[in-house]
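Reviewing the structure listed below.
Values below: all heavy atoms of this structure, side chains included; hydrogens, waters and symmetry mates excluded. Numbering starts at 1 and runs along the sequence shown.
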Amino acid sequence: MTTPTTTFRIGGDLEVRRLGFGAMRLPTEPADARARSITLARRAVELGVTLIDTAYMYGWGANEELLAEALHPYPADLLVTTKVGPTLSPAGEWGLDGRPAALRAQVDNALRRLRVDRIELLQLHRLDPDTPLADQIGALRDLRAEGKVGHIGLSEVTVAELDEARSIVDIASVQNRYNLLDRREHEPVLKACEAAGIAFLPWRPLAPGAADANPDITAVAAELDATPTQVALAWLLAHSPVILPIPGTATLAHLEENVAAADLALTPAQLARLDSLDGTH
């Protein structure tokens with residue numbers, strides 16, 4: 001059996017269980033849906049999740065406020081990471097604003113909403129093509145020097161962009177789109193993260209619908225008396241020691257199904273079968 005490590009130290013010191021939780025899909029309204037989201041977030045922690053990922057863009061701050069309502073004061077071993085960069089116009093259209101003043105304002109607002117003095121892992125949700133990368137990363141470096149940020153992460157970057165950012169400040173994590181059936185584009189980024197010991201948080205770690213329809217995945221699931229979703233998550237954990245999947249859900253049943261995938265052991269033959277998939281739908 002292939003039994004991957006269960007924990008990872010982000011930035012060398014933030015130890016988390018590798019299978020985390022993405023909060024994007026948690027509804028914040030109406031009141032009954034919000035109550036269910038609070039219950040689910042608390043249940044994730046009860047199940048041993050120690051990494052929860054949110055972002056300003058998820059409800060334009062509402063998701064951060066929800067997590068604070070559900071979990072503050074946070075358990076000592078819980079890492080709640082958020083992302084900044086996107087903005088919402090008065091007309092309801094979203095864009096990117098990587099200007100240092102804008103990023104600083106977003107971080108200050110995130111600190112308030114999350115009810116913390118320091119965001120231990122702050123990720124730049126997207127690079128703003130209209131602002132020099134050095135200015136964006138430099139702003140986050142300054143926030144770290146001021147103690148408002150502990151570690152810095154990036155999202156949706158290339159190897160070249162990661163290298164440029166690392167020439168300015170230490171990068172602790174990268175969050176790119178990646179899953180068993182959609183991995184060709186960002187495999188080089190994953191390899192760069194492995195070489196540098198950088199956490200790789202795949203967003204969209206599951207391929208909704210596609211895993212259930214793939215005969216290799218369903219065959220392995222049947223052999224293990226598991227679900228295709230669990231197999232896809234177990235593959236991510238086995239594929240690289242720096243991968244920290246953050247599957248999201250709004251239902252307790254799916255949360256428990258996802259968390260249980262951390263205990264699923266793939267045989268070498270099963271892992272090879274899944275590795276052979278070409279990484280496209």
Side-chain angles (χ1 to χ4, degrees), residues 8 10 14 16-28 33-34 36-71 74 78-86 110 113-114 119-126 151 153-156 172-183 186 190 193 199-211 227 229-230 232-237 239-240 242-262:
F8 185 86
I10 300 175
L14 299 176
V16 297
R17 291 189 66 182
R18 288 179 58 207
L19 188 59
F21 175 71
M24 180 182 71
R25 296 174 62 184
L26 293 181
T28 57
R34 184 181 187 87
R36 289 193 296 271
S37 293
I38 288 173
T39 297
L40 192 145
R42 291 173 177 168
R43 180 59 177 154
V45 173
E46 290 173 359
L47 290 170
V49 170
T50 57
L51 170 62
I52 295 180
D53 177 80
T54 183
Y56 169 52
M57 189 180 181
Y58 305 162
W60 303 108
N63 197 273
E64 293 171 330
E65 291 173 341
L66 172 78
L67 291 176
E69 181 179 348
L71 301 171
Y74 304 108
L78 178 64
L79 173 64
V80 178
T81 175
T82 193
K83 299 183 284 295
V84 295
R113 286 189 293 262
L114 290 169
I119 296 169
E120 292 299 338
L121 176 60
L122 178 80
Q123 302 166 96
L124 186 59
H125 209 151
R126 294 289 187 277
H151 295 280
L154 303 173
S155 182
E156 282 302 284
S173 69
V174 168
Q175 189 170 144
N176 282 13
R177 189 189 74 250
Y178 188 94
N179 60 60
L180 174 55
L181 296 176
D182 179 15
R183 52 192 161 101
H186 293 307
L190 171 61
C193 288
F200 186 90
L201 284 64
W203 66 266
R204 197 179 291 165
L206 302 169
T227 66
T229 290
Q230 290 174 324
L233 289 172
W235 177 85
L236 284 169
L237 292 169
H239 184 58
S240 171
V242 305
I243 287 183
L244 280 61
I246 46 172
T249 182
T251 71
L252 287 170
H254 285 156
L255 170 67
E256 293 175 356
E257 174 187 354
N258 292 343
V259 172

On a heavy-atom basis, which atom in [X] and which in [Y] lie closest, and how many Å separate them?
| X | Y | answer |
| --- | --- | --- |
| L14 | H151 | CD1-CD2, 3.3 Å |
| A232 | L180 | CA-CD2, 4.4 Å |
| L124 | G85 | CD1-CA, 4.4 Å |
| I10 | A199 | CG1-CB, 4.1 Å |
| L190 | S240 | CD1-OG, 3.8 Å |
| A261 | A234 | O-CB, 4.1 Å |

Do the non-hydrogen side-chain atoms of [X] and [Y] ever get within less than 4.5 Å of each other?
| X | Y | value |
| --- | --- | --- |
| N63 | M24 | no |
| V49 | R17 | no |
| L40 | L252 | yes |
| H125 | Y58 | yes |
| L237 | P245 | yes |
| Q175 | T81 | no |
| Q123 | D53 | yes |
| V45 | I52 | yes |

Rounded to the nearest 0.5 Å, what's the gap from [atom1] on [X] to [atom2] on [Y]? Could you check?
| X | Y | atom1 | atom2 | result |
| --- | --- | --- | --- | --- |
| H254 | R25 | NE2 | CZ | 8.0 Å |
| S173 | L79 | OG | CG | 9.0 Å |
| L66 | R113 | CG | CZ | 13.0 Å |
| I119 | K83 | CD1 | NZ | 11.5 Å |
| L78 | L67 | CG | CG | 9.0 Å |
| R34 | L26 | CZ | CG | 10.5 Å |

Next on the checklist: Walk me through whether F21 and N258 qualify under side-chain contact (heavy atoms from CB on, under 4.5 Å).
Outcome noted: CA-CA 9 Å; F21 175 71; N258 292 343; over 6 Å; no
Checklist entry - Could you go step by step and tell me if N179 and L206 meet the side-chain contact (heavy atoms from CB on, under 4.5 Å) rule? => result CA-CA 6 Å; N179 60 60; L206 302 169; 5.8 Å; no
Checklist outcome for this item: Tested for side-chain hydrogen bond (donor to acceptor under 3.5 Å, both in side chains) against E64, the lone hit among T28, T54, T82 is T82
Checklist entry - How are the rings of H239 and W235 set relative to one another: parallel (under 30°), tilted (30 to 60°) or perpendicular (over 60°)? => result parallel
Checklist entry - Are there more than 12 heavy atoms of other residues, nucleotides or ligands under 6.0 Å from atom CZ of R204? => result no
Item to check | R42 side-chain N/O to A70 backbone N/O, donor-acceptor pair under 3.5 Å | outcome: yes
Checklist entry - By ring pair (Phe, Tyr, Trp, His ring centres under 6.0 Å), which residues pair with H186, not counting sequence neighbours? => result none
Next on the checklist: Using the ring pair (Phe, Tyr, Trp, His ring centres under 6.0 Å) criterion, which residues pair with F200? Sequence neighbours excluded.
Outcome noted: Y178
